[in-house]
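All remarks here apply to the structure that follows.
These numbers come from the heavy atoms of this one structure, side chains and all, not from hydrogens, waters or symmetry mates. Residue numbers start at 1 and run along the sequence shown. Everything numeric here is computed off the predicted structure, so don't read it as measured data.
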Amino acid sequence: MLQIYRVLGRHGFRDSFFPLAFRSSAALRGFSAAIFSPPVSSVKLTAEQVKGPVHLQSVIIVPQATAFPNAMTSATAVLDKRIGFLGSGQMAEALARGLIKRGLVTAERIACNDPNPVRKELFKSFGAMPYDSNVDVARNADVLFVAVKPQHVAQVLTEVRSVLTETHTVVSIAAGITVEKLVEAAGPDAHVVRVMPNTPCLVGETAAAMCLGGKATPEDEALVRTIFEAVGKIYTVDEKLLAAVTGLSGSGPAYVFMMVEALADGGVRAGLPRDIAQALAAQTVLGSAKMVLETGTHPGALKDMVTSPAGTTIAGVHELEKAGVRAAFMSAVVAATERANQLSKM
């Protein structure tokens, strides 16, 4: 016998019931930002029914183990590489901590330099090795991250050019600096990879894209993919598309933050306390994004699953359509893309 709870949330089913055993477990993480009503009548389930979706009239029970069969699992191997950072800002720190946390590299195999001694001390505090020159970092690294401001990229690459070898993979995360400029500064034989990450790298959820340049090989591509999958997801694209990546995922967090703020404001306007409204808004965005990624279902289909005839959701969707929200998001991505193209030509 299993106690069944009704879950009122935005997990894709308007009237769904889950076993009481799942109520406080990790299994419900994908269904958070929900409110539990008192348990309804107990239902006796067979072992086979518990293994998969169970339909009880208009009720569905989806055990977490089978709810999202395409969900990605994290499994990484230890990298036999030394990692160096030319520039030790927040993005570099996020990458370094992500690699250590996932066990890809040990802290002592991470080298760094930065003009700000505070940043070097911060890296030292979690076991990385700070150096006083970029050349020393390059000599003690196999993968060399260029994590300085765009205007300083050519300078630091020119500085280390003499010690770069065919075993180095040079990874630039500087916005707007083309592969051509990177190769010009690092040398024609350099293995160059240009990456466009975004700020959720700081919480291990980056959405990044990369392109190869110079003498970069498929092995370099695989290496960079392994590194960035420690802090999110990365895709390979032609360089001509990196401006669009900048406009979408590079600038996208700002659009999402505005949406979270606006949803929270709507909750406050409807009577919710500010802290609860903001938490519900943020968790709703997180959970909805996970559903897109883990189910592989088109966002429009997921939206339709929530919008019942003459219901509350379709009333809200109608208001969004009247305000042109979709067109506004599309225009924002295009405008940011055009600006990224302009900056790369300066």
Side-chain angles (χ1 to χ4, degrees), residues 5-18 22-23 25-36 53 60 62-74 198-208 231-233 235 247-270 272 274-309 311-321 323-330 332-333:
Y5 269 72
R6 185 181 184 193
V7 183
L8 307 176
R10 40 97 208 106
H11 45 73
F13 301 101
R14 290 181 298 281
D15 292 296
S16 300
F17 295 75
F18 290 84
F22 293 167
R23 187 184 180 200
S25 70
L28 282 176
R29 286 176 185 164
F31 308 95
S32 51
I35 301 170
F36 291 88
I60 184 168
V62 187
Q64 181 73 8
T66 59
F68 302 124
N70 296 322
M72 294 181 63
T73 57
S74 59
N198 64 2
T199 54
C201 178
L202 301 175
V203 292
E205 293 292 350
T206 195
V231 289
K233 300 181 186 298
Y235 305 89
L248 175 56
S249 59
S251 301
Y255 317 151
V256 176
F257 295 146
M258 292 176 69
M259 182 173 66
V260 170
E261 182 183 29
L263 287 172
D265 284 346
V268 172
R269 177 66 179 83
L272 288 172
R274 168 66 64 181
D275 58 339
I276 294 178
Q278 182 168 305
L280 285 172
Q283 187 65 34
T284 296
V285 171
L286 174 62
S288 300
K290 286 191 69 174
M291 285 194 70
V292 173
L293 292 173
E294 295 184 3
T295 68
T297 304
H298 190 281
L302 292 173
K303 179 262 296 177
D304 290 347
M305 292 166 69
V306 187
T307 51
S308 56
T312 59
T313 305
I314 194 61
V317 168
H318 188 203
E319 292 301 315
L320 293 175
E321 294 289 7
V325 168
R326 277 201 259 200
F329 276 118
M330 293 169 65
V333 172

Result block: side-chain N/O donor-acceptor pairs under 3.5 angstrom for residues 250-265, not counting sequence neighbours:
residue: S251; atom: OG; partner: T246; partner atom: O; Å: 3.2
residue: Y255; atom: OH; partner: G247; partner atom: O; Å: 3.1
residue: Y255; atom: OH; partner: A332; partner atom: O; Å: 3.3
residue: D265; atom: OD1; partner: R274; partner atom: NH1; Å: 2.7
residue: D265; atom: OD1; partner: R274; partner atom: NH2; Å: 3.0

For T312, the side chain to side chain contact (heavy atoms under 4.5 Å, CB included) test, sequence neighbours excluded, returns none
By side-chain hydrogen bond (donor to acceptor under 3.5 Å, both in side chains), E205 pairs with (sequence neighbours left out) none
Would you call F329 and V325 a side-chain contact if the rule is heavy atoms closer than 4.5 Å?
-> yes
Next item on the list: Spell out, as yes or no, whether a donor-acceptor pair under 3.5 Å connects the side chain of T307 to the backbone of D304.
Entry: yes
Residues at least two apart in sequence or cross-chain that pass side-chain hydrogen bond (donor to acceptor under 3.5 Å, both in side chains) with T297, listed by chain then number, are T295
Between A207 and S249, the two heavy atoms sitting closest are O-OG, 3.5 Å
Closest non-hydrogen atoms of L280 and T284, given as atom of the first, atom of the second and distance, are O-OG1, 2.6 Å
* Asked: Would you say the side chain of S288 lies within less than 4.5 Å of the side chain of V292, judging by non-hydrogen atoms?
  -> no
So CG of L272 and CD of Q278: to nearest 0.5 Å the spacing works out to 12.5 Å
Residues passing the side-chain hydrogen bond (donor to acceptor under 3.5 Å, both in side chains) test with R269, sequence neighbours excluded, are none
